[in-house]
Amino acid sequence: MAGVRGPGESRASAMAVEQDMFDAVVMADERFHGEGYQEGYEEGSSLGIVEGRQYGTLHGAKIGSEIGCYRGFALAWKCLLHSSTGEKDSRKMKVVEALIALLQHFPYGDPTYERLHEDLDRIRGKFRQLCSLLNVQPDFKVTAEGSGLAF
Amino acid sequence: MKDSLVLQSRVSAHPDSRCWFLAWNPTGTLLASCGGDRKIRIWGTEGDNWICKSVLSEGHQRTVRKVAWSPCGNYLASASFDATTCIWKKNQDDFECVTTLEGHENEVKSVAWAPSGNLLATCSRDKSVWVWEVDEEDEYECVSVLNSHTQDVKHVVWHPTQELLASASYDDTVKLYQEEGDDWVCCATLEGHESTVWSLAFDPSGQRLASCSDDRTVRIWRQYLPGNEQGVACSGSDPSWKCICTLSGFHTRTIYDVAWCQLTGALATACGDDAIRVFEEDPGSDPQQPTFSLTAHLHQAHSQDVNCVAWNPKEPGLLASCSDDGEVAFWEYHQTAGL
């Protein structure tokens with residue numbers, strides 16, 4: 001007949017219920033640990049995203065500021081050298097144009113660009129070479145106020 | 001050890017200071033030394049003795065770390081911790097500073113002339129390597145600023161015949177550069193050392209490069225061209241470099257310098273354990289997997305760290321060394337015949 005348990009089965013299922021009860025007590029420590037970890041992880045993740053975003057914004061702005069400065073510098077010198085025709089000046093002009101080309105090809109909108117740091121280093125190298133050729137000392141300070149740039 | 005290293009003479013080159021580096025002029029008649037006393041001294045022989053023929057002071061505000069002669073022998077370049085590189089022109093026994101190259105942000109660690117004499121390379125703690133071009137009027141122009149290393153760059157050296165530049169760094173790597181179009185680019189990175197790479201030396205043919213490191217090993221690297229018979233993979237038309245030999249277990253401290261004799265092929269090392277060692281390639285060893293044997297080991301060559309070893313370019317077996325103890329020593333290395 002359905003629903004009726006034999007004596008052996010009754011005892012087994014009663015033991016199973018008992019074991020579950022003890023389990024609940026014995027495993028409580030581990031369970032709370034697990035729940036605590038999960039809560040902490042979720043909270044940490046969301047705090048991390050906020051902090052990461054703040055850092056990224058700041059860092060991105062710094063890079064943008066640096067590159068913007070190089071661009072302004074290069075465009076200004078392009079105008080200044082425009083009228084010069086000496087042989088030395090043609091090398092300077094070549095380097096100015098190479099720097100402008102590097103800056104134009106830089107993907108400003110893509111922070112996941114795989115060669116971001118490599119390209120930035122190339123741009124910085126080109127800028128330093130240009131300063132050397134123009135005999136200009138770069139005295140570059142990017143301050144919190146935003147525009148402490150002097151040459 | 002059948003071969004031996006015998007002391008010929010010792011001079012107190014930079015008293016109360018360190019002697020950092022030595023460079024023989026192309027004819028092997030003069031030796032330039034530089035040190036922590038901010039001076040450069042030029043040494044020559046008078047009979048059996050080495051005497052100081054010139055002192056170049058007033059060139060730098062801080063330690064002079066390296067010196068290098070131009071291939072023609074008329075110019076000497078000096079790299080200093082004051083962030084500048086001076087170019088000195090030789091006029092008999094006098095030297096005049098004709099140009100000062102600026103641009104590095106901090107200590108210049110090394111300077112080297114290309115075999116053509118038209119190019120100069122410098123490197124610095126600012127992690128960059130600069131390539132300069134010099135024209136007939138002794139005007140220097142920066143041709144490239146290379147930011148490939150991620151740490152302090154310790155040494156630069158040119159290939160003996162090609163316009164190929166090598167650099168060694170605190171970032172544990174060796175990098176190679178060549179001209180591509182209008183610019184210089186890093187064409188290879190040699191990884192393997194487990195600590196700072198202090199110095200580099202090409203073998204006489206330029207097919208192999210030796211590097212020495214703070215990890216107490218010397219590594220030998222070989223260039224493989226695209227389409228090579230050994231089946232070493234190359235990307236595109238760039239050659240590939242592979243480590244074909246590692247000399248380990250011989251040095252008990254950092255190895256600061258390695259020098260490959262262009263006349264005999266012997267390899268000398270300068271070590272922080274105050275010793276000088278010489279290695280020779282075993283005759284008949286496989287060119288793709290060469291073996292080298294230690295043929296001379298001079299304990300206490302100096303009373304402190306040996307900073308540099310330099311083989312004379314014309315006199316086989318003549319080796320100069322210098323140390324933190326401020327002294328320069330001259331040695332004769334004898335290869336036993338029939339080894």
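As the structure is a computational prediction, the values presented were derived from the model and not from experiment. Residue numbers begin at 1 in each chain, while the letters A, B, ... track the order of the sequences.
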Is it the backbone or the side chain of B:Ser148 that comes under 4.5 Å from a heavy atom of chain A, or both, or neither? neither

With a 4.5 angstrom heavy-atom cut-off, is it the side chain or the backbone of B:Trp132 that approaches chain A, or both, or neither? side chain

For B:Glu180, I'd like to know if atom CD has over 12 heavy atoms of other residues, nucleotides or ligands within 6.0 Å. no

Do you know the tightest heavy-atom contact between A:Gln129 and B:Val143? NE2-O, 3.0 Å

In this structure, which one of A:Arg128, A:Arg124, A:Arg122 forms a side-chain contact (heavy atoms from CB on, under 4.5 Å) with B:Asn147? A:Arg124

Got more than 12 heavy atoms from elsewhere within 6.0 Å of CG, A:Asp29? no

Has B:Gln162 got more than 12 heavy atoms of other residues, nucleotides or ligands less than 6.0 Å from its CD? yes

Taking side chain as C-beta onward, heavy atoms only, is B:Val145 less than 4.5 Å from A:Lys126? no

A:Glu114, CD: over 12 other non-hydrogen atoms inside 6.0 angstrom: no

Among B:Glu105, B:Glu102, B:Glu139, residue most engaged with chain A (heavy-atom pairs, under 4.5 Å): B:Glu105

Let me know if A:Arg91 has heavy atoms under 4.5 Å from chain B in its side chain, its backbone, both or neither. side chain

Which value, rounded to the nearest 0.5 Å, describes the distance between A:Asp121 atom CG and B:Lys127 atom NZ? 9.0 Å

Should the pair B:Glu141-A:Lys92 be classified as a salt bridge under the 4.0 Å nitrogen-to-oxygen rule? no

Surrounding OH of B:Tyr170 (heavy atoms of other residues, nucleotides or ligands, distance under 6.0 Å), is the total greater than 12? no

